[in-house]
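Please read these numbers as outputs of a predicted model, since none were measured by experiment.
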Amino acid sequence: MQRITYRVKVSAQGAKRRISYLLRPSKRLLHTKSNIVPAVAPIKVTRFAKTKKLAQVSSIALLSLPAESLMTMGAPIPAYDHVMLENTLTIAAVPGDSTYFATDGFQHGFGYDLVRSYADELGVKIDLKAYASEEAALRALKSGDADMALTTASTQLKSQLSLSSVNVSCGYDASLTKNGLHPKVSWTFNSANDPLSQKASYFLCDSMKLEHTQKLAAFYNQNLLKDAYSQDHFKKTLTEKLPDYQSSFEEQARNYNHDWELLVAMGYQESHLDANAVSPTGVRGLMMLTNNTAKAMGVSDRVDPYQSIGGGARYLEQVKEDFADVPKTDRIWFALAGYNMGPNAVKSIQRKLRAQGIDDKSWANIYAYLSENRASNSRYGQAMHYVSNIRSYLETIKTQTV
C-alpha cells in the first residue's frame with residue numbers, strides 16, 4: 001500500500017507572528033530605578049508561565065523550521081534562543097562604579113553601556129535586575145532568572161557555581177585600571193557553549209569593539225575624586241553651600257524637567273556653588289552664564305542664585321531638544337557638551353563622523369573625537385572634561401559617597 005505523506009505549509013512570517021503573540025511579555029520597559037532584588041528571591045509564577053509559553057510555541061516553531069534545526073525534546077532551550085524569542089536580554093547586575101548606576105531614572109555606567117551595545121547588535125531590549133551582592137546576581141543567573149550577569153565577581157566564585165565568563169577588556173586589563181575601573185568587570189553565562197556566550201566573546205574581543213571599550217573606559221574614568229584634596233573640597237562645598245541653594249535646585253529642576261542633582265553637579269563644575277563667581281571671560285553667577293545666554297533665558301540678575309539656576313536649567317533643556325534624535329541614554333552627555341561649547345559645534349562633529357561612516361549618535365564616538373582632536377582645538381578638551389567631570393560629580397552625589 002502506497003504511503004501518502006501530507007506536508008503542512010506555514011509561512012515563516014505567519015509563524016513568527018504567532019510566536020511573538022504567544023511570547024509577548026506584559027512589560028518590556030527598561031528598568032530605570034535601582035530596585036535591589038533580595039538575595040533570596042521567591043519563585044515567581046511567571047517563570048512557569050514562560051515555560052508553558054515555550055511549550056506552546058514548539059508546535060508552531062517546528063512547522064516553520066527545517067528538520068535538522070529541531071532540538072531534542074526535553075533539552076533546555078539555549079539562553080540565546082530564549083533571548084531572541086523574548087526579544088529581551090535579562091541582566092543580573094550589581095551596582096558599582098565599574099558596572100552601572102541607576103537612580104531616579106538616570107541609568108548609565110561603563111558596564112551598562114557595553115551591555116547596551118551588545119543588545120543593540122543582537123537587536124533586543126534590556127531588562128536589568130539589580131542585586132545586592134555578586135553571589136546573589138550569579139545565583140540568579142544559575143537559576144534561570146537572568147540570561148547573563150554583569151559583575152566584578154572573583155574567578156573562584158564563578159567556578160564554584162560552574163559558570164563561564166568573559167572579561168569585558170578581553171585581557172587588556174590595564175586599559176581599565178588606568179581609568180580607575182575594576183580590572184575584572186565581566187559578563188557571566190551559564191554555559192560557554194551557549195551561542196549567547198560565544199557571540200559575547202566575539203563581540204568584546206573584536207579589535208574595533210576593543211577600541212570602543214577603551215573609549216568608554218576613558219569617559220567613565222573614576223579617578224577625578226580619588227585624591228584626598230578633591231574629596232575633601234567636594235564634600236565641604238556640598239556640606240556648607242548646598243543647603244542654601246537646594247530648594248532652588250529642586251524647584252528649577254521641576255520647572256524644566258531635570259534631575260536636580262544633575263543641576264547641582266553642573267553648579268559645582270561651573271562655580272563650586274559660588275553665587276558671586278566671575279570668570280575673566282565675563283561669565284558669572286552660580287551657573288556661570290554669559291550675558292547673552294542670561295538675556296535669552298530671561299535672567300535679569302546673574303548673581304541671583306535662583307535666577308542663575310533657572311537660566312542654566314532652561315538652557316540645558318533647550319539644548320537637550322536639539323539632540324532629540326539621540327538615544328535617551330546618551331542624550332544628556334550630548335546636551336552637556338552643547339551647553340559648554342554650543343550645540344552647533346557638537347552637530348558639526350556629528351556631521352564629520354557621519355561622513356566617515358561612524359555612528360554620530362553614540363557619545364563614546366563624540367568623546368573619542370574630542371579627545372583625539374583636542375590638541376588642535378582647546379574647546380574640545382574643555383568640553384570633554386566638562387562632561388566627564390559632571391558625570392563623576394553626579395555619580396558621587398547619587399551614591400552618597402561624599
Side-chain angles (χ1 to χ4, degrees), residues 106-123 168-170 172 175-176 178-179 181 203-221 224 262 265-266 269-270 281 283 288-290 292-293 296 312 315-392 394:
F106 194 87
Q107 189 165 34
H108 68 288
F110 171 66
Y112 170 78
D113 280 10
L114 284 175
V115 170
R116 182 159 57 91
S117 296
Y118 182 46
D120 288 344
E121 183 154 302
L122 294 176
V168 300
S169 70
C170 207
Y172 292 89
S175 64
L176 305 188
K178 72 178 183 181
N179 289 298
L181 296 167
F203 174 86
L204 291 170
C205 297
D206 174 81
S207 59
M208 293 295 290
K209 294 300 191 301
L210 276 172
E211 185 178 340
H212 176 73
T213 298
Q214 291 167 4
K215 292 175 185 177
L216 277 178
F219 174 60
Y220 281 107
N221 189 303
L224 181 61
L262 171 63
M266 291 176 65
Q269 170 65 24
E270 293 284 1
T281 58
V283 294
M288 297 298 272
L289 303 176
T290 65
N292 289 337
T293 300
Y315 183 52
L316 180 64
E317 182 61 19
Q318 181 176 300
V319 177
K320 277 172 65 177
E321 293 174 359
D322 290 332
F323 298 102
D325 60 336
V326 173
K328 189 175 180 180
T329 43
D330 278 356
R331 192 179 307 155
I332 187 61
W333 312 134
F334 279 74
L336 288 171
Y339 185 101
N340 177 258
M341 65 189 300
N344 289 333
V346 179
K347 288 183 178 294
S348 176
I349 294 173
Q350 286 185 286
R351 287 193 293 271
K352 293 175 182 178
L353 293 179
R354 279 200 304 274
Q356 299 174 46
I358 299 174
D359 182 5
D360 67 307
K361 295 179 178 61
S362 164
W363 171 249
N365 293 335
I366 298 293
Y367 184 84
Y369 185 93
L370 294 173
S371 179
E372 292 163 4
N373 295 276
R374 57 183 168 173
S376 61
N377 190 328
S378 61
R379 294 175 66 199
Y380 290 171
Q382 292 170 4
M384 180 182 74
H385 292 300
Y386 182 83
V387 181
S388 59
N389 285 358
I390 290 174
R391 189 221 80 240
S392 185
L394 177 62

If I compare all heavy atoms of [X] with all of [Y], which pair ends up nearest, and what's the gap?
X	Y	value
Met266	Ile390	CG-CD1, 3.7 Å
Leu394	Ala265	N-CB, 3.9 Å
Ala217	Leu176	CB-CD2, 4.1 Å
Thr213	Leu114	OG1-CD2, 3.5 Å
Cys205	Leu210	O-CD1, 3.8 Å
Thr329	Gln107	CG2-O, 4.4 Å

- Report, as yes or no, whether the 6.0 Å neighbourhood of atom OH on Tyr172 holds more than 12 heavy atoms from other residues, nucleotides or ligands. no
Quick one: list whatever passes side-chain hydrogen bond (donor to acceptor under 3.5 Å, both in side chains) with [X], sequence neighbours left out.
X	result
Tyr315	none
Asn221	Asn179, Asn223
Arg374	none
Tyr369	Lys352

- Item | Within residues 109-121 or reaching into it, pairs that qualify as salt bridge (Lys or Arg N to Asp or Glu O under 4.0 Å) - sequence neighbours excluded |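 Of all non-adjacent pairs touching residues 109-121, those that pass salt bridge (Lys or Arg N to Asp or Glu O under 4.0 Å) are Asp113-Arg116, Arg116-Asp330, Glu121-Lys209.
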Who passes salt bridge (Lys or Arg N to Asp or Glu O under 4.0 Å) against [X], sequence neighbours left out?
X	result
Asp360	Arg354
Glu372	none
Glu321	none
Lys361	Asp325

- Not counting sequence neighbours, which residues clear ring pair (Phe, Tyr, Trp, His ring centres under 6.0 Å) with Phe323? List them please. Phe334
- Query: Excluding sequence neighbours, so at least two apart, what forms side-chain contact (heavy atoms from CB on, under 4.5 Å) with Thr281?
  - Reply: Ser279, Val283
- Message: Please enumerate all residues that pass side-chain contact (heavy atoms from CB on, under 4.5 Å) together with Ala345, with sequence neighbours excluded.
- Response: Met341, Arg379
- Task: Keeping the roles fixed (side chain from Ser362, backbone from Asp359), state whether a donor-acceptor pair exists under 3.5 Å.
- Result: no
- Message: Testing the 3.5 Å rule here: is there a donor-acceptor pair between the side chains of Tyr386 and Glu270?
- Response: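 Their side chains do contain a donor-acceptor pair, which is all the 3.5 Å distance test asks for.
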- Message: I want to know whether Tyr367 and Trp333 have ring centres closer than 6.0 Å.
- Response: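 Ring centres of Trp333 and Tyr367 not closer than 6.0 Å.
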